[in-house]
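Numbering of ligands and ligand atoms starts at 1, following listing order. We're numbering straight along the sequence, starting at 1.
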Amino acid sequence: VRLALVGFGNVGRRFVELLRGPYGRILRRAGVHVRVTGIATARHGSAIDARGLSLSRCLKARSLQALHTGRPVASSLDFMRRVPADVLLELTTLDPRGGQPAIGHVRAGLRRGLHVITANKGPAACGLRSLLTLARKKRRRFLFEGAVMDGTPVFNLVARCLPGVRVLGFRGMLNTTTARILSGMEKGTSFAAALREMQDAGIAEADPANDIEGWDAAAKGCAIANALMDANTRPSQVERVGIAEVTPDDVRAALRMRNKIRLIVRGEREGRRVRVSVAPEALPQDDVLVAADQDGVLILETDLMGEIGILEGPSGVDQTAYALLSDLMAIAAERD
Ligand SMILES: NC(=O)c1ccc[n+]([C@@H]2O[C@H](COP(=O)([O-])OP(=O)(O)OC[C@H]3O[C@@H](n4cnc5c(N)ncnc54)[C@H](OP(=O)(O)O)[C@@H]3O)[C@@H](O)[C@H]2O)c1
């Protein structure tokens, strides 16, 4: 399987590191031999080599340009047109308002007949219906497990383990950065210090306003609604309040009432549409969304199975990289 990566930041680099170790061994045991034939970035150059790039050199290089063979790559779309690949990993920066440039990359990859995997929630949140139609037309897969709750199965769980079940609604605490800022404030850490920790760990979005203002949570809510409830909604339609206005006094007052404040996403059917909302809520400390202090919790309300809860333990870049591996294994299994 020839892999091309667009985006080589926290997630892309960690995936490649793990590909050199445990992921490579897991794939080989499954009979899958992976070759990375191209990597594109915005400001750190791009490289294509049909024989396979040296992953250790890619990880060490300040710019990928030195590893490139052939005509210079003019743009990421030029890269997409030329890279010899079977599977595209789309790992660029999130734009939760419009989903670009990721939507353009996913579309270009599918049009070229590549399977596409992404951890970017933009495409599922802002353009899922048309991308899945294109994927079906091209007989290729478009998978995005890492877009919500990192590697913890959400989309693959419903698709593979809950046949015939309809998702009627959902509620969740889906943004790790705001959850850890608010739990840090409960222990006396300042908002700014808790945010810095998330940035140092590579967990906060490149633009942390996307976490704080609730855009990331809105994008995740839309991805769930679009993928699991056949909605056609987008983050700009979400009723959205972030946590910027939550003060240490608010957090302490909630604790005195045995409540915890967390950023909560809700999705519910309203006639023919699905209404998605994001807002900080003070929930009783024994509410399943906050009781175990997990990084992520999602409750799906279903017709045949009642409520199903999904908990995500400590999350980080490793868990997101695992989502890419699990999607890649699914595509490789279908090729047999
Ligand atoms: N980090 C996490 O824990 C996590 C968890 C779940 C989902 N995600 C999602 O995964 C994606 C990647 O996250 P990350 O943390 O790896 O981001 P990141 O560290 O900011 O890296 C983004 C990469 O995308 C490249 N890029 C941006 N625009 C591009 C363009 N137009 N063409 C080509 N390359 C472009 C950047 O190039 P330069 O290197 O030149 O800047 C960089 O290599 C994001 O959508 C994020 O929301 C991340």
Side-chain angles (χ1 to χ4, degrees), residues 4-18 38-48 58-59 61-65 73-83 88-109 116-126 143-155 174-180 197-211 215-220 222-224 235 295-296 312-327:
L5 278 72
V6 185
F8 197 48
N10 296 306
V11 177
R13 298 177 73 83
R14 188 63 186 139
F15 176 77
V16 163
E17 278 166 10
L18 290 163
I39 303 179
T41 70
R43 297 161 304 159
H44 294 89
S46 300
I48 297 177
C58 291
L59 288 165
R62 284 176 145 255
S63 166
L64 293 168
Q65 218 56 50
V73 177
S75 65
S76 52
L77 288 177
D78 180 37
F79 171 85
M80 307 274 313
R81 275 193 291 273
R82 286 169 46 197
V83 64
L88 172 72
L89 300 185
E90 208 297 336
L91 302 170
T92 62
T93 321
L94 170 68
D95 165 20
R97 294 154 179 85
Q100 295 293 3
I103 291 181
H105 294 154
V106 174
R107 191 168 285 135
V116 181
I117 296 170
T118 187
N120 188 320
K121 45 236 139 210
C126 305
L143 298 175
F144 43 87
E145 187 58 69
V148 175
M149 295 183 94
D150 309 303
T152 306
V154 175
F155 304 112
L174 299 173
N175 180 272
T176 306
T177 300
T178 54
R180 294 219 202 150
E197 260 178 49
M198 292 296 90
Q199 288 174 307
D200 291 346
I203 291 173
E205 284 298 326
D207 175 0
N210 285 340
D211 295 307
W215 281 104
D216 173 80
K220 287 171 175 161
C222 290
I224 295 169
D295 274 350
E312 179 182 20
S315 69
V317 180
D318 279 14
Q319 283 70 20
T320 309
Y322 175 76
L324 306 177
L325 176 73
S326 84
D327 283 345

How far is atom 16 (O) of ligand 1 from its nearest protein heavy atom, and which residue and atom name does that atom have?
Val11 N, 2.8 Å
Any side-chain heavy-atom pair from Trp215 and Arg97 closer than 4.5 angstrom?
yes
To check your reading of the model: name the closest protein heavy atom to atom 39 (O) of ligand 1, its residue, and the distance in Å.
His44 ND1, 2.9 Å
So, do Ile203 and Arg180 sit near enough that their side-chain heavy atoms are less than 4.5 Å apart?
yes
Taking only heavy atoms of Asp150 into account, list the atoms of ligand 1 that are under 4.0 Å away from them.
5 (C), 6 (C)
Using a heavy-atom cut-off of under 4.0 Å, does the side chain or the backbone of Pro101 touch ligand 1, or both, or neither?
side chain
Give the contacting part of Ser76 toward ligand 1: side chain, backbone, both or neither, where contact means a heavy-atom distance below 4.0 Å.
side chain
Answer side chain, backbone, both or neither: which part of Leu94 comes under 4.0 Å from ligand 1, heavy atoms only.
both
Find the distance between CG (Asp150) and CG (Asp318) and round it off to the nearest 0.5 Å.
10.5 Å
Do me a favour and list the nearest non-hydrogen protein atom to atom 12 (C) of ligand 1 with residue, atom name and distance?
Leu91 O, 3.4 Å
Against heavy atoms of Gly202, which atoms of ligand 1 measure under 4.0 Å?
1 (N), 2 (C), 3 (O)
Does any non-hydrogen side-chain atom of Thr177 lie less than 4.5 Å from one of Pro208?
no
If we set the cut-off at 4.0 Å for heavy atoms, which region of Asp216 has an atom near ligand 1: side chain, backbone, both, or neither?
neither
Atom 21 (O) of ligand 1 has as its nearest protein heavy atom Gly9 CA, 3.3 Å
Which residue and atom name correspond to the protein heavy atom nearest atom 20 (O) of ligand 1, and how close is it?
Ala206 CB, 4.0 Å
Tell me which protein heavy atom sits closest to atom 25 (C) of ligand 1, plus the residue, atom name and distance to 0.1 Å.
Gly7 CA, 3.7 Å
heavy-atom search around atom 40 (O) of ligand 1 in the protein gives Arg43 N, 2.4 Å
Residue, atom and distance of the protein heavy atom nearest atom 7 (C) of ligand 1 read Ala119 O, 3.3 Å
Can you confirm whether Cys126 sits close enough to Pro235 that some side-chain heavy atom of one is under 4.5 Å from a side-chain heavy atom of the other?
yes
Validation row: Val16, Leu59 side chains within 4.5 angstrom (heavy atoms)
yes
Apply side chain to side chain contact (heavy atoms under 4.5 Å, CB included) to residues Asn120 and Thr92 and explain how you reach the verdict.
CA-CA 7 Å; Asn120 188 320; Thr92 62; 3.6 Å; yes
Just so I know, are the side chains of Asn10 and Leu91 near enough to count as touching, which here means a heavy-atom distance under 4.5 Å?
no
Would you check if the side chain of Thr118 reaches a backbone N or O of Glu90 as a donor-acceptor pair within less than 3.5 Å?
yes
Close approach, Arg13 and ligand 1, non-hydrogen under 4.0 angstrom
no
Heavy atoms only: which of Asp207, Asn120, Thr92 lies closest to atom 44 (C) of ligand 1?
Thr92
Which atoms of ligand 1 are found less than 4.0 Å from any heavy atom of Thr320?
3 (O), 4 (C), 5 (C), 6 (C), 7 (C)
Taking only heavy atoms of Gly146, which atoms of ligand 1 are found under 4.0 Å from at least one of them?
6 (C), 7 (C)
Distance-only, no hydrogens or angles: does the Asp327 side chain make a donor-acceptor pair with backbone N or O of Glu145 under 3.5 Å?
yes
Flag the pair Pro96 / Asn210 as yes when at least one side-chain heavy-atom distance between them is below 4.5 Å, and no otherwise.
yes
Lys121 to ligand 1, any heavy atom closer than 4.0 Å:
yes
Decide whether an N or O pair under 3.5 Å exists between Ala42 and ligand 1.
yes
Between Thr41 and Val6, is any pair of side-chain heavy atoms under 4.5 Å apart?
no
Counting from 1 in the order shown, the ligand 1 atoms closer than 4.0 Å to a non-hydrogen atom of Phe8 are 23 (C), 42 (C), 43 (O)
Per-atom contacts, ligand 1 versus Val6 - under 4.0 Å to a heavy atom:
33 (C)
Can you sort out the partners of Lys121 under salt bridge (charged side-chain N to carboxylate O under 4.0 Å, His left out), two or more places apart, ordered by chain and number?
Glu205, Asp216
